[in-house]
Protein chains: 2
Amino acid sequence: MSLGEVEVSVTPEEKFREFLQTKNLRMTRERATIVEHVFSSHEHFEAEQLIQQLAEQRVSRSTIYRTLKHLEEAGLIRKVARQDARDVFEHDYGYPQHDHLICKKCGTLIEFHQEKIAEVLTGVARDHGFRMEGHRLEVFGLCDNCCRPPKTRPKKLNLL
Amino acid sequence: MSLGEVEVSVTPEEKFREFLQTKNLRMTRERATIVEHVFSSHEHFEAEQLIQQLAEQRVSRSTIYRTLKHLEEAGLIRKVARQDARDVFEHDYGYPQHDHLICKKCGTLIEFHQEKIAEVLTGVARDHGFRMEGHRLEVFGLCDNCCRPPKTRPKKLNLL
DNA sequence: TTAACTGCAAACGTTTTGCAGGCGG
DNA sequence: CCGCCTGCAAAACGTTTGCAGTTAA
């Protein structure tokens, strides 16, 4: 998306395979299908979407949930937000660190990057003897579009 | 807690009553009981805790969930995190703005305040034409205690 | 060969809802 | 009084799990 990509030496599939090996787990057709699909675009996604999109490739609901867990543990994806009652994921591997503005009205996720935030958090963690491993920052509000309601610009001299 | 309190002119109960009026809702015994209980301490809490603690005061599960929604809409409380599968709430009214370090091991929530974060976010929002209303920042990692595993400091010259 | 994997359906835990009676303003 | 409120039990929701057959290594 807008933030560009990070140079990576290993494909997500390979990285996942390496992770699986360290855990004595196996690369299966289903897992390969899921990683490939997930990393075929940089969109945010939810479990339910994958389930529907991968149904015709014969990947079951359970396998998708189970694999998402592994992908998260492998550091390939991460939960970025919660919308309605569902977890929203995105790539964590091969994608620069960033956070999100979340429109309460239309649900759009706008990515942004601000070095300062990580800096501040590093300091805070140090002050508390906290070993920081990551963070999730959700900024709520109204996006540019939803701010100005009268999108329906009434053509002058209509009825009346 | 550690961050002190904010000077407020209106009690939470009063503020809630005002909110209810603007929405044509009513202050009932159950709602009063809940607000009072929630604001009797500054602890983080979950719905289930309230349900158990207020059972003897005859407040039902449904009423608690329904009231939590109202309290959140009224700006009296906010969701600060999700632990296991449950939402964690805290006071939003009469309590200074802050964020949390969350220990992945013991679940402790450590509050911290950093002016810089709000500043940065204000700038980011402006740049995106985003009308910011609030944010939720969860910093994951290991707390001071859980960092150093050998808490069981073996007394020198014990066995052996 | 064997331990990990899969799909299915049933189970789960939290949160929501329909309903019939109760009560605040 | 009217319309919002409550408790109850059942439903809904996303997610997890037990199981018996399947498959990677």
Please report the distance, rounded to the nearest Å, between CG in B/Leu68 and C1' in C/dT15.
11 Å
Starting from the 5' end of DNA chain C, give me the residue, B/Arg17 or B/Ile51, whose nearest nucleotide shows up first.
B/Ile51
Check the distance between C/dT6's P and A/Met27's CE and give it to me in whole angstrom.
11 Å
Of C/dT15, C/dT6, C/dT17, the nucleotide closest to the side chain of A/Ser60 is C/dT6
Heavy atoms under 4.0 Å, any strand shown: does A/Lys23 hit a base, just sugar-phosphate, or nothing?
nothing
Between CG of B/Asp84 and P of D/dG14 the distance, given in whole Å, is 20 Å
Rounded distance in Å - CD (A/Glu48) to P (D/dT15)
8 Å
For atom CG of A/Leu25 and atom C1' of C/dT6, their distance in whole Å
14 Å
May I ask you to verify whether the side chain of B/Arg66 and the base of D/dG7 hold a donor-acceptor pair under 3.5 Å?
yes
Over 60° means perpendicular and under 30° means parallel, so tell me whether B/His91 and B/Tyr95 are parallel, tilted or perpendicular.
perpendicular
Taking only N and O in the side chain of A/Thr28, is any of them less than 4.0 Å away from OP1 or OP2 of D/dT23?
no
Could a donor-acceptor pair under 3.5 angstrom be found where the side chain of B/Arg29 meets the base of C/dG24?
no
Does a salt bridge link B/Glu138 with B/Arg82, judged by any charged N lying under 4.0 Å from a carboxylate O?
no
Atom OH of B/Tyr65 and atom C1' of D/dC13 are separated, to the nearest Å, by 13 Å
Across all chains, not counting sequence neighbours, the salt bridge (Lys or Arg N to Asp or Glu O under 4.0 Å) partners of B/Glu36 are none
Calculate the interatomic distance between A/Asn24 atom CG and C/dA3 atom C1'; express it in whole Å.
9 Å
N/O (side chain, A/Lys69) to phosphate O (OP1/OP2, D/dT16) under 4.0 Å
yes
Would you call A/Arg66-A/Glu30 a salt bridge at under 4.0 Å N-O?
no
Selection residues 116-142 of chain B - residue pairs positive for ring-ring contact (aromatic ring centres under 6.0 Å, His included), sequence neighbours left out:
none
Atom CZ of A/Phe16 to atom P of D/dA24: distance rounded to whole Å?
15 Å
Assign each of B/Arg26 and B/Ala47 the nucleotide of DNA chain C bearing its closest heavy atom; nearer the 5' end lies the nucleotide of B/Ala47
At 4.0 Å (heavy atoms only), tell me whether A/Arg31 reaches a base, stays on the sugar-phosphate, or touches nothing.
sugar-phosphate
For the base of D/dC5, is there a side-chain donor-acceptor partner from B/Thr63 under 3.5 Å away?
no
